[in-house]
Amino acid sequence: MDAPTHHNPPLFDVNAGTMPRGGDIYTFLQVRQSTDNIVAPLSDEDMLLQSTPDTSPPKWHLAHTTWFFENFILREFEENFVPFHPRFDFLFNSYYDTLGEYLPKNERGHLVRPTMHQITDYRTQVEQRVIALLNSVTGEDLETIQTLIQLGMHHEMQHQELLLMDIKRNMFSNPLLPAYAPIPLALALHPHTTVEEKVWGEYPGGLVQIGADPEAGFSYDNEGGQHRVWIEPFQFSLDLVTNAEYMEFIEDGGYEDPALWLSDGWAAIKKNGWKHPLYWIPSDKGGFKEFTLYGVRELEMDEPVSHVSYYEAQAYAKWAESRLPTEFEWEYVSGLEGYPFHHGKLWEWTQSAYLPYPGYEPIAGPLEEYNGKFMCNQMVLRGGSFATPPGHYRHTYRNFYHPEQRWQFSGFRLARDV
Ligand SMILES: [Fe+2]
């Protein structure tokens, strides 16, 4: 038997290159536990709700994140692999077309069966099998499996944020507007900021390096290849646009002035009847209340405006005689030494379309479908939100959504040409 090590396993070090065996198991179980913690306040009834085609039932997230490990690791490396259930590939494959047919996304709310009990068993069994596999392989296989587990952990962390987005959207669809969690837990889950006067940074730009260094720890394939981008001098707001500022836009008739809107944006607000951000609730006394993860409360005017679409962010920026930053400006400023803002508020819309970087190389095999196939008709969001798990933030991270989507934790800041 090996001598006991005196090193503690790394705490939540999901970004390290390869870690000592034990460290990765510990981290793997921590990430899995965090998912269970998020759904702990939910009832079994809550677990099945899919209130819009964009959202997934919480129990589907629990099974799908498990399927990811089962399909991409156990199926490939386990001797005499037998799936937990022969039909789970069909139920819990999200969108990997090369792997075969799968349940249409808008039917995930039909899954009364398998029961929560079975899904909990599924999670536990796959975890145990992943750990057994890690303990039994050596050499090249071990490295490949460690890399895949790391990807699976980041995938699960992405789903942890999705869970909170979907739970919020689901609760909002209920006329009782129930709270997901009582204060104070939920207080920690709501963006907080103290915004004073808007401060603009001025940056010279120039020729800058964009994209993730593959040697510097974990990153998704869509953050490479590294390449150079020329940036003209620009101004960059050091704060996100606040509820108070967004209220001025509404009161000034922002939603009624077609000159402010992109053609698609104008069509979207007409089609959806939008007159304010997603979770604002017009109050009897005038003004707005806001639905949050802990129920309805007064709209906090100095908090960043959240749950706006790209179209609304763009119209506001035009009204404010500014524009949204490009993803390159955002990455450049956030990479500067002593950069003046931090992760932890909201994902920020940029005016950059989600496209492959020069030299982009997708992961080989079915996992090529993880990011690359979505590089059309979506916009890049940068930063990370209060719901982004620790360890999942990178300043090169490229999140992406359709311009009309606004159930994600999205806000924005302004930029200006100099
Ligand atoms: Fe997924």
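What's counted below: heavy atoms across the whole structure, side chains too, no hydrogens, waters or symmetry copies.
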Tell me if a side-chain donor or acceptor on [X] pairs with a main-chain N or O of [Y] at a distance below 3.5 Å.
| X | Y | answer |
| --- | --- | --- |
| Ser34 | Gln30 | yes |
| Asn243 | Glu300 | yes |
| Trp60 | Leu91 | yes |
| Glu329 | Phe236 | no |
| Gln50 | Thr55 | yes |
| His307 | Tyr279 | no |
| Gln160 | Val31 | yes |
| Lys105 | Asp54 | yes |

Which heavy atom of [X] sits nearest to which heavy atom of [Y], and what is that distance?
| X | Y | result |
| --- | --- | --- |
| Pro58 | Asn170 | CD-ND2, 4.0 Å |
| Leu164 | Leu293 | O-CD2, 3.9 Å |
| Ser306 | Glu290 | OG-OE2, 3.9 Å |
| Gln226 | Asp213 | NE2-N, 3.6 Å |
| Val305 | Leu346 | O-CD1, 3.4 Å |

[X] and [Y] aromatic centres sub-6.0 Å:
| X | Y | answer |
| --- | --- | --- |
| Tyr357 | Tyr360 | no |
| Phe328 | Tyr332 | no |
| His159 | His154 | no |
| Trp261 | Tyr255 | yes |
| Tyr294 | Tyr180 | no |

Inset, instruction - Indicate whether the side chain of Asp166 and that of His61 have a donor and an acceptor atom separated by less than 3.5 Å. - result: yes

Legend entry - Donor + acceptor pair across side chains of His276, Tyr246 (<3.5 Å): no

Does [X] make a cation-pi contact with [Y], if we ask for NZ or CZ under 6.0 Å from the ring centre and within 45° of the axis?
| X | Y | value |
| --- | --- | --- |
| Arg416 | Trp200 | yes |
| Arg406 | Trp274 | yes |
| Arg394 | Tyr220 | yes |

Salt bridge flag under 4.0 Å for residues [X] and [Y]:
| X | Y | value |
| --- | --- | --- |
| Arg413 | Glu348 | yes |
| Glu303 | Arg297 | yes |
| Lys59 | Glu45 | no |
| Lys373 | Asp97 | yes |
| Arg398 | Glu331 | no |

Inset, instruction - Determine the interplanar angle of the Phe288 and Trp280 rings, folded into 0 to 90°, and report it as parallel if under 30°, tilted if 30 to 60°, perpendicular if over 60°. - result: tilted

Inset, instruction - Give the ring-plane orientation class for Trp67 versus Tyr96, where under 30° counts as parallel, over 60° as perpendicular and anything between as tilted. - result: tilted

Legend entry - Result of checking Tyr310, Trp347, Trp407, Tyr311 against Tyr401 for ring pair (Phe, Tyr, Trp, His ring centres under 6.0 Å): Trp407

Inset, instruction - Starting from the C-alpha separation in whole Å, work towards a yes-or-no answer on side chain to side chain contact (heavy atoms under 4.5 Å, CB included) for Leu49 and Ser173. - result: CA-CA 10 Å; Leu49 186 57; Ser173 72; 4.2 Å; yes

Legend entry - Heavy-atom neighbours of Glu361 CD exceed 12 at 6.0 Å: no

